[in-house]
Student: 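Let me begin by handing over the structure; questions about it come next.
Quick note on labels: first sequence line is chain A, next is B, and so on, each numbered from 1. Everything quoted here is computed from the prediction, not taken from an experiment.
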2 protein chains.
Amino acid sequence: MTTMKEIAQAAGVSVSSVSLVLNGRDSGRINPQLANRIRETAERMGYQPNVLARSLRTNRTYMIGFISVEVATTPYAGGMIQGAQDALSSLGYMLLTVNGDTEQALESEIRALKRYGVDGFLYSAMSNRVMTVPKSLAKFPLVLVDAAEETNRFPSIEPDEFRIGYDATTRLIEAGCSRIAYVGCAEPMVAQTGRLAGYRQALMDHGRGFDERLQCDVLNNGPALRAVEALFDTEQPNGFFCFNDARAWYVYETAARHGLAVGRDISVVGVDNHRVFAETLEPQLTTIELPHYEMGYWAANKLVSMIENRPLNEGDWPHTTAVMPLLDTPSPVKVHCTLIEKGSVRDTPTTA
Amino acid sequence: MTTMKEIAQAAGVSVSSVSLVLNGRDSGRINPQLANRIRETAERMGYQPNVLARSLRTNRTYMIGFISVEVATTPYAGGMIQGAQDALSSLGYMLLTVNGDTEQALESEIRALKRYGVDGFLYSAMSNRVMTVPKSLAKFPLVLVDAAEETNRFPSIEPDEFRIGYDATTRLIEAGCSRIAYVGCAEPMVAQTGRLAGYRQALMDHGRGFDERLQCDVLNNGPALRAVEALFDTEQPNGFFCFNDARAWYVYETAARHGLAVGRDISVVGVDNHRVFAETLEPQLTTIELPHYEMGYWAANKLVSMIENRPLNEGDWPHTTAVMPLLDTPSPVKVHCTLIEKGSVRDTPTTA
DNA sequence: TTGAAAGCGCTAACAG
DNA sequence: CTGTTAGCGCTTTCAA
């Protein structure tokens, strides 16, 4: 690795001049010709700054710690990390990922990240519940991803679950479904509450009442499948809003057993976690993708804006989510998710 | 952050003594009493070493770069990363994750990692194909994860696809299936070739011929489902070895339509990518989990052993893979995957 | 057995 | 405009 010293020698100048020029602080301080010569020699010698040495001096490492819980077990965590990475990469930052599945691991990883001198933290809990921020993080720049904290002391971003439920249900109504069931989650998750509320509101807004017999909250187990079968038998819904792929699978399985074809006899809108169906059944299932990538991307941008003490560039949304056609629409449609940031609401822009 | 200097002052000694003691190089060089006093003050003041400053001096950063392609889109990538993290964390290293989806991004991320002075690289291609290592990595400690390179110049680790096929098929034979179909992948992937070969060999070894009419290679699309339906109609298999969850889904869907119950009328062994079925259908599907976590774990250990120039501790396998019962076995069984390291073969130990 | 001093590569006052 | 100087926090000779 070439150092500034070597460049200084090769160009016959002092290190400070090299430093100034290579950091773009030379305007009006260094003779432009000299500056050019320095830039050239640096280029020629393939100079790469030693960021560690710089950090030692400046107390800024351009490293961000990403703390996550349950990365391995939640297949979509990768999206968040990649979103954060992409954003940071273009901002000249590096991502250090650790995982804090246990309380103990969490604290020890936080300490490790501090030893490495990260400039700030991204924290993702994945629990889909309101969480508590470790006190050891409280004094650092911090943004929560796909999570929220009670006191709202830190910026955070989450999908708008209400809107997911609202949009999905509206979609089914527009597709002409007369009896729309919600196949939800029997555990008290934030997503469940929000989506159910959205489902109900959409029904109301379209002049339909909420019929609790069409609400079917289940877990991931054997009885779940039987519950969905009972739903088919007693209520005969022709539209289904499914909490996730597992729930969608119950609907598919039951439909197949009943000789009903998805996309012809019934319509299904699911929220995407695993994508099995999106991969295999494009023409039949409408999938609402959760904006994990976008959340990671936004959170990273937000964090850096805090660190660098400048306003967040609002135009910084990457791509949006795509969905498959329902039975009434032969061509794909887009559904967007709203992201909530500490009370203020903004949409993901729909790219074409 | 407390520094060594501050400790030295507080303890009334010099920084060098503090350094020696805190690095455990004091035996026979520093008065044990003094050493204790130093350790105490360090403890009391909550000393945390500044790893960057150390790196500047030692040229060792204890940071490892993890380069991956397609993390966001492949749901199981998280397992590899977490395996690597867990291993590195206990070895006192930190993981810097980047992604190199495009050729350009790849090179620029590699450069970034070098600027940060990583001690070595973990490279994961995910393409399930033999790949080429960027020349810019050639001179660094490097281990390939879930990938292999033609020239075998670098240690690498992959699942033993042959064995997956062999074990899955044997499992179905033992379950009493008389006609075992392979629902595979129509693309020329390493996994496809190996698993098919294993499937055929298992049939041979159990005195059964290979019947190509029972081989059904499909893509992820509409025709795939029809192909599987045709397989059911013309061949009436009662055992299915499925390349992945998507293929398993075709089998489930078709079975449901035909009124056949998985676990009663037919048996299915699938290789796990998404886990939808494992989550929802425990009693019915046998899942072979790909050892992504283990590969990440092993690769990280291997890399560090290279960096630290010491032999790899062979006992270092974390957990192994679990599978669900088939129709003939009421209790769970374990299936292990073999990992291949540059020609030499070793098994993942089965933890009880 | 301990401490002084040099230096890793870089930045930033300050002098000239 | 340019160079000298003094560190950032730590390791590591080398003297004492």
Side-chain angles (χ1 to χ4, degrees), chain A residues 1-39 41-42 45-63 92 94 111-112 114-119, chain B residues 1-39 41-42 45-63 92 94 111-112 114-119:
Chain A
M1 290 272 106
T2 3
T3 70
M4 279 195 175
K5 198 178 180 183
E6 295 170 333
I7 295 177
Q9 282 166 346
V13 295
S14 80
V15 230
S16 17
S17 304
V18 177
S19 175
L20 283 177
V21 170
L22 262 30
N23 286 316
R25 307 176 170 290
D26 59 316
S27 69
R29 315 231 253 139
I30 303 276
N31 181 321
Q33 288 202 331
L34 220 200
N36 272 333
R37 195 164 87 232
I38 291 175
R39 265 185 284 268
T41 31
M45 300 177 70
Y47 174 73
Q48 295 281 90
N50 181 327
V51 295
L52 267 49
R54 170 194 290 146
S55 299
L56 194 57
R57 202 54 242 256
T58 59
N59 262 327
R60 296 268 289 97
T61 58
Y62 291 88
M63 301 196 294
M94 196 79 226
R111 241 175 295 130
K114 285 184 181 172
R115 279 198 301 272
Y116 281 86
V118 293
D119 292 334
Chain B
M1 289 272 105
T2 0
T3 70
M4 279 194 175
K5 199 178 179 181
E6 295 171 333
I7 295 178
Q9 281 166 348
V13 295
S14 78
V15 232
S16 12
S17 303
V18 178
S19 176
L20 283 178
V21 170
L22 262 29
N23 286 315
R25 308 176 170 289
D26 58 315
S27 69
R29 318 230 253 139
I30 302 277
N31 182 321
Q33 288 203 334
L34 220 202
N36 272 333
R37 195 166 85 233
I38 291 175
R39 266 185 285 268
T41 31
M45 301 176 72
Y47 173 72
Q48 294 282 91
N50 180 328
V51 294
L52 267 48
R54 170 194 291 149
S55 300
L56 194 57
R57 205 49 242 260
T58 59
N59 263 325
R60 297 266 289 100
T61 58
Y62 291 88
M63 301 196 295
M94 195 81 223
R111 241 175 295 128
K114 285 183 181 173
R115 279 199 300 273
Y116 280 86
V118 294
D119 293 334

Student: Distance check needed: D:dC10 C1' versus A:Tyr116 OH, whole Å only.
Tutor: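 Checked: the OH to C1' distance equals 15 Å.
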Student: Start at the 5' end of DNA chain D and walk down; is the nucleotide closest to B:Arg25 or to B:Ala53 reached first?
Tutor: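 Checking each residue's closest nucleotide, the 5'-ward one belongs to B:Ala53.
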Student: Just N and O in the side chain of A:Tyr47: are any of them under 4.0 Å from OP1 or OP2 of C:dC10?
Tutor: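 Yes, such a contact exists.
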Student: Rounded to the nearest Å, what distance is computed from the CZ atom of residue B:Arg60 to the C1' atom of nucleotide D:dC10?
Tutor: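 In whole Å, D:dC10 C1' and B:Arg60 CZ are 15 Å from each other.
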Student: Less than 3.5 Å between a donor and an acceptor, one on the side chain of A:Arg57 and one on the base of D:dG7, is that the case here?
Tutor: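 Side chain to base: pair present.
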Student: Verify the neighbour count for atom CZ of A:Arg25: are there more than 12 heavy atoms of other residues, nucleotides or ligands below 6.0 Å?
Tutor: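 Atom CZ in A:Arg25 is not packed in, count stays at 12 or less.
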Student: Mind calculating the distance between CD1 (B:Ile38) and P (D:dC10) to the nearest angstrom?
Tutor: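 That distance rounds to 14 Å.
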Student: Take atom NZ of A:Lys5 and atom C1' of C:dG7, then tell me their distance rounded to the nearest Å.
Tutor: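 After rounding, the reported distance stands at 8 Å.
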Student: Regarding A:Leu52, tell me which of base, sugar-phosphate or nothing describes its non-hydrogen contacts under 4.0 Å with the strands shown.
Tutor: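 Nothing, no heavy atom under 4.0 Å.
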Student: What's the CZ-P distance between A:Arg29 and C:dA15, to the nearest Å?
Tutor: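 Roughly 15 Å, once rounded to whole Å.
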Student: I need the CZ-P distance between B:Arg54 and D:dG9, as an integer number of Å.
Tutor: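 Rounded to the whole Å, the gap is 15 Å.
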Student: A side-chain contact here means heavy atoms from C-beta on lying under 4.5 Å apart; do A:Gln48 and B:Lys114 qualify?
Tutor: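 Side chain of A:Gln48 against side chain of B:Lys114, heavy atoms only: no contact under 4.5 Å found.
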Student: I need the residues from residues 14-23 of chain A with at least one non-hydrogen atom less than 4.0 Å from DNA chain D; give them sorted by number, or say none.
Tutor: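 Residues of residues 14-23 of chain A under 4.0 Å from DNA chain D: A:Ser14, A:Ser16, A:Ser17.
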Student: Would you mind reading off the distance between B:Leu56 atom CG and D:dG7 atom C1', rounded to a whole angstrom?
Tutor: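 Taking CG of B:Leu56 and C1' of D:dG7, I get 12 Å after rounding.
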Student: Taking CG from B:Asn50 and C1' from C:dC10, how many angstroms apart are they, rounded to a whole number?
Tutor: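 Spelled out: CG on B:Asn50 to C1' on C:dC10 is 14 Å.
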